[in-house]
Structure formats: C-alpha cells, structure tokens
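In what follows, a single structure is set out as structure tokens and then discussed.
Computed from a prediction, not measured in an experiment: that's the story for all the values here.
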Amino acid sequence: MGIDNRKRILNRSGGGVPTGDIVCRHWRAGRCTSNPCQYRHSQLPQPNQRNFSVSGSIPQRKPNTYNRVPSKWGSQGGAVNGRPKGTGFKAPLNTRDKICKYWMDGKCSYGERCKFLHQWFVSDDFTMLAQLAGHEKEKVISGIAKPMGSDKLYSGGKDGTVRVWDCQTGKCVTVINLGSEVGCVISEDPWAWNTRTNSELSLGGSSGQVYALALGNEMLFAGTQDGKILVWKFVAATNGFEPAAALQGHSASVVTLVVGANILYTGSVDNTIRVWRLETLQCIYTLTDHTSVVMSVLCWDQFLLSCSLDKTIKVWAVTETGKLEVTYTHEEEHGLLALSGMPDAQGKPVLICSCNDNTVRLYDLPSFKERGKIYAKEEIRAIQTAPGGLFFTGDGNGDLKVWKWTEQSLAAAATIQQ
C-alpha cells in the first residue's frame with residue numbers, strides 16, 4: 001500500500017524528474033568517469049528571457065545638492081547620493097572564468113580538456129613573472145616592501161620571518177627570524193622595518209600587534225591592536241626615531257594608515273575613518289559611511305579611496321563645505337581587503353583591490369573598467385607596487401607572486417626587474 005501511494009503521488013506531480021534532466025554533479029566538478037552516464041553532461045537550457053541593454057534611457061534620481069564635487073567616477077559617469085549610476089549589470093561568468101581547484105593542488109587529470117581555468121590570472125594587460133617560494137605554507141604574508149633604488153625585496157609573514165629576495169635572481173638571500181608574527185612591512189629609502197624589530201631598527205611602545213605603518217612629515221605612525229596610533233618623530237642627530245605621541249579616538253584595532261597632503265587617514269575595525277592633521281596631531285573629523293571594517297585607505301590625486309568588508313570601495317573628495325564626502329561608491333560581490341594603485345604601461349592610473357573570495361581585481365581609474373583578475377589559494381592580504389610596471393601579491397597560503405604589465409618589454413620570466 002505504501003509503494004502504491006508513492007507511485008500515485010509521483011504520477012499526480014508529473015511522474016517525478018527523470019535523471020536525464022539532472023546535470024551530473026561529478027561532471028560539473030570535472031571528474032565523472034561513468035560512460036555512459038545516466039545524468040546530463042551539459043547545463044540545463046535556460047528559460048527565454050528578454051534582452052536588457054544598459055545603454056538605453058535609465059531614470060535617475062537627482063543628486064543631493066550638498067554634493068557639489070563634479071564626478072567622473074564609474075563607467076556610467078558619476079554617482080547619485082554616493083551610489084554608482086547605472087544598472088550595475090554584469091555579464092554572467094562562464095566556467096573558463098573560474099579557476100580549477102584541482103589544478104591549484106596539482107591534481108587535475110583533464111589537462112587542456114578541463115572546462116575550468118588552468119592559470120593564476122585572466123588578463124591581456126599583465127602577466128605573472130615568478131612565484132617566490134620560501135615562506136611557510138598556510139601562513140599569511142602580511143607585508144611586502146620594495147625600497148626605492150634597492151635590488152632587494154622584503155616580505156614578512158605570520159610565520160615570524162622577514163625574507164629578503166634578490167631582485168635579479170628571485171632567490172631568498174636572507175631570513176630574519178623574529179620569533180613572533182609580522183603584522184606589516186614598510187620601506188623608506190634603504191631601510192625596511194617590520195612591526196616589532198629587525199636587524200636595523202627597534203621601536204618600543206607597541207600596544208599589542210601592529211597592523212599598519214605609515215610615514216609622513218618626518219614621523220612614523222603605527223596602527224595597533226588596541227586602537228591607538230603610536231607616533232615616533234625622526235631625530236637627525238641620532239638618525240633614529242623617538243616616541244612622540246599616542247593618538248586615541250578609535251574604539252577598536254587600527255588596521256590601515258595612509259598619509260597624504262599633510263593629513264593622516266586611519267581606518268579601523270570600528271567601521272570608521274579618522275582624519276588627523278599632522279601639524280597638531282589632532283583628529284579633525286570622523287568618516288562613518290562604511291558599515292563594516294575599513295580594511296584599507298589609499299590617496300589618489302585629490303581623492304581618498306577606502307575599502308571595507310561591507311563590499312564597497314568609496315571615493316571621497318573635499319566638497320564646498322570643506323569636509324570629505326563620498327562622491328562615488330563602487331560595489332563588489334565580496335568584502336574587500338586591500339587597495340593599491342599604480343600607472344599602467346601608458347601611465348594611466350590603475351586600482352588594484354583584493355577581495356575575500358581569494359581574488360584580486362584591477363580597474364582603470366576613474367572609470368572602474370575592469371582590466372583583469374588574479375586568483376589565489378587563499379586571501380591576498382599584501383599588495384605592493386614598484387617602478388617599471390611591477391607589482392607583488394602575498395596571500396594566506398604563504399605564496400608570494402611577481403607581476404608585470406605586458407605592454408612593457410619583459411625580461412626572462414625568472415628575473416625580477418628593479
């Protein structure tokens with residue numbers, strides 16, 4: 001009786017779903033070995049849909065009158081109330097835009113027949129020059145520095161080491177064991193510093209882990225775990241730094257710092273950006289537009305760019321009121337971790353931003369037209385640029401990679417140009 005009832009129910013609902021209309025999950029993963037397979041080895045046909053065009057007439061709300069800064073940001077030509085104009089339409093990705101997880105681990109047996117991507121990036125504008133192996137696997141690379149005029153590259157990580165790389169050979173020439181996690185690395189002239197100490201400089205006064213460092217107006221600033229910004233003043237007589245101040249105001253860890261136009265900008269886990277005047281070391285106002293952790297801040301021209309785990313990049317400009325206000329908001333599908341910027345081979349500005357889906361996106365500025373995408377096994381927390389079209393990425397798997405814009409003449413793939 002129970003079996004007959006089940007049959008009757010299936011018949012009333014149309015006889016159930018035949019296996020031929022189900023896409024094989026093993027085929028989707030690229031590893032189905034059944035021949036013939038009772039399931040479909042192709043995507044199900046999609047229902048007919050109307051074609052929509054973003055080039056047609058789109059009704060727009062008038063911008064608020066308080067925002068008087070002319071905006072050329074975004075491919076649709078501006079923003080409304082700090083939000084990007086246009087529909088935000090993006091074409092769906094196909095499988096060739098997704099990296100093969102088995103290839104990442106060196107285990108894909110399909111080779112060229114695999115329907116997923118077998119390379120670390122998608123772009124015609126830049127290429128990967130080298131992978132530098134040395135940091136402990138599954139330990140985050142938290143900082144990268146390339147001192148001006150030096151033939152050395154520095155990288156620090158959660159494995160407790162700062163590694164020094166020869167830029168001509170790509171070989172690690174020195175390992176500095178610190179005995180504790182490295183929160184960030186910064187360079188200035190021929191010096192390189194980490195959060196605590198190295199062979200050249202040791203700074204005291206840290207309140208827990210240091211997450212960010214910045215230099216400006218002959219001062220060194222450090223964002224700390226307890227929400228303070230520690231300040232050291234450069235003393236020419238000793239050719240070193242002495243403690244000068246501890247700036248307070250953030251209610252949680254300070255994870256990003258940048259200096260521009262005699263102003264210090266600090267981003268925090270408390271979701272705010274604080275703006276400090278360097279002459280007085282006083283906070284002049286607080287920016288509260290982000291709704292989650294402010295992970296990175298970047299100065300570009302007369303603008304400030306910030307990114308957050310709230311999945312947005314915000315562009316700030318000084319308005320007629322004299323305050324910084326959002327003039328454009330770019331939205332991503334995932335939270336953002338780090339920002340960096342550099343010119344491409346033609347000198348046009350490019351924004352490099354890391355997302356917490358283990359990718360890095362590159363965009364033209366100010367249009368935010370996408371220039372390419374980089375993939376990684378884990379989140380990329382460190383991005384560093386260098387002269388000659390070079391940039392570097394370090395991820396949570398301990399992988400350090402070297403990239404270069406392809407329009408410029410390239411040396412051998414194993415050589416890192418200065």
Would you find a donor on one side and an acceptor on the other, under 3.5 Å apart, between the side chain of [X] and the backbone of [Y]?
X: Asp310; Y: Thr291; result: yes
X: Asn271; Y: Val293; result: yes
X: Thr161; Y: Arg163; result: no
X: Thr312; Y: Lys314; result: no
X: Thr256; Y: Ala212; result: no
X: Asp159; Y: Lys139; result: no
X: Lys377; Y: Met104; result: yes
X: Glu332; Y: His334; result: no
X: Ser268; Y: Thr272; result: no
X: Ser354; Y: Ile380; result: yes

Any chance you could lay out the side-chain hydrogen bond (donor to acceptor under 3.5 Å, both in side chains) test for Asp399 and Asn397, step after step, and finish with the verdict? CA-CA 6 Å; Asp399 294 331; Asn397 193 56; 3.1 Å; yes

Quick one: pull up [atom1] in [X] and [atom2] in [Y] and give me the separation to the nearest 0.5 Å.
X: Tyr211; Y: Ser253; atom1: OH; atom2: OG; value: 4.5 Å
X: Leu351; Y: Leu298; atom1: CG; atom2: CG; value: 6.5 Å
X: Thr321; Y: Lys323; atom1: OG1; atom2: NZ; value: 6.5 Å
X: Trp165; Y: Phe392; atom1: CH2; atom2: CZ; value: 11.5 Å
X: Ile352; Y: Ile383; atom1: CD1; atom2: CD1; value: 6.0 Å
X: Ile263; Y: Leu304; atom1: CD1; atom2: CG; value: 10.5 Å

I'd like to know whether [atom1] of [X] has more than 12 heavy-atom contacts from other residues, nucleotides or ligands below 6.0 angstrom.
X: Lys311; atom1: NZ; answer: no
X: Lys107; atom1: NZ; answer: no
X: Lys233; atom1: NZ; answer: yes
X: Glu138; atom1: CD; answer: no

Before accepting this row, confirm whether a basic side-chain N of the pair Arg361/Asp357 lies closer than 4.0 Å to the acidic partner's carboxylate O.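 Here Arg361 pairs with Asp357 in a salt bridge, since their nearest N and O are under 4.0 Å apart.
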
Assess whether side-chain hydrogen bond (donor to acceptor under 3.5 Å, both in side chains) is satisfied between Thr327 and Trp73, documenting all intermediate values. CA-CA 8 Å; Thr327 185; Trp73 293 91; 5.4 Å; no

Do [X] and [Y] have side chains that approach each other closer than 4.5 Å (heavy atoms only, starting at C-beta)?
X: Asp344; Y: Asp125; answer: no
X: Val360; Y: Phe121; answer: no
X: Leu337; Y: Leu309; answer: yes
X: Lys152; Y: Val173; answer: yes
X: Leu400; Y: Leu153; answer: yes
X: Cys353; Y: Ile313; answer: yes
X: Ile229; Y: Leu281; answer: no
X: Met295; Y: Leu336; answer: no

Minimum-distance pair of heavy atoms, taken over all atoms of [X] and [Y]:
X: Ile273; Y: His290; value: CD1-CD2, 4.3 Å
X: Val254; Y: Lys228; value: CG2-O, 4.1 Å
X: Asp395; Y: Ala376; value: OD2-CB, 3.6 Å
X: Ala382; Y: Ser142; value: CB-C, 3.9 Å
X: Gly170; Y: Leu132; value: O-CD2, 3.5 Å

Using the salt bridge (charged side-chain N to carboxylate O under 4.0 Å, His left out) criterion, which residues pair with Lys158? Sequence neighbours excluded.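 In terms of salt bridge (charged side-chain N to carboxylate O under 4.0 Å, His left out), with neighbours along the sequence ignored, Lys158 is linked to Glu181.
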
Using the side chain to side chain donor-acceptor pair (under 3.5 Å) rule, collect all pairs that involve residues 170-179, keeping only residues at least two apart or in two chains.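 Matches after skipping sequence neighbours: none remain.
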
side-chain contact (heavy atoms from CB on, under 4.5 Å) with Glu218: which of Phe241, Phe234, Trp232?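 Only one of Phe241, Phe234, Trp232 forms a side-chain contact (heavy atoms from CB on, under 4.5 Å) with Glu218, namely Phe234.
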
From the options Asp289, Val297, Leu305, select the one residue that forms a side-chain contact (heavy atoms from CB on, under 4.5 Å) with Trp316.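 That would be Asp289.
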
Kindly assign one of parallel, tilted or perpendicular to the pair Trp405 and Phe391, based on the angle between their ring planes and the thresholds 30° and 60°.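 Plane angle between 30° and 60°, so tilted.
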
Parallel, tilted or perpendicular: which fits the ring planes of Trp103 and His118, with parallel below 30° and perpendicular above 60°?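 The rings of Trp103 and His118 lie parallel, inter-plane angle below 30°.
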
Less than 6.0 angstrom separating the ring centers of Trp276 and Phe221, yes or no?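 When the ring centroids of Trp276 and Phe221 are compared, they turn out to be at least 6.0 Å apart.
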
For this output row, return yes or no: ring centroids of Phe303 and Tyr328 closer than 6.0 angstrom.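 Centroid distance Phe303-Tyr328: not below 6.0 Å, so no.
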
Going by distance alone, is a donor N or O of one side chain under 3.5 Å from an acceptor N or O of the other, for Glu279 and Asn262?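 Side-chain D/A pair, Glu279 to Asn262: present.
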
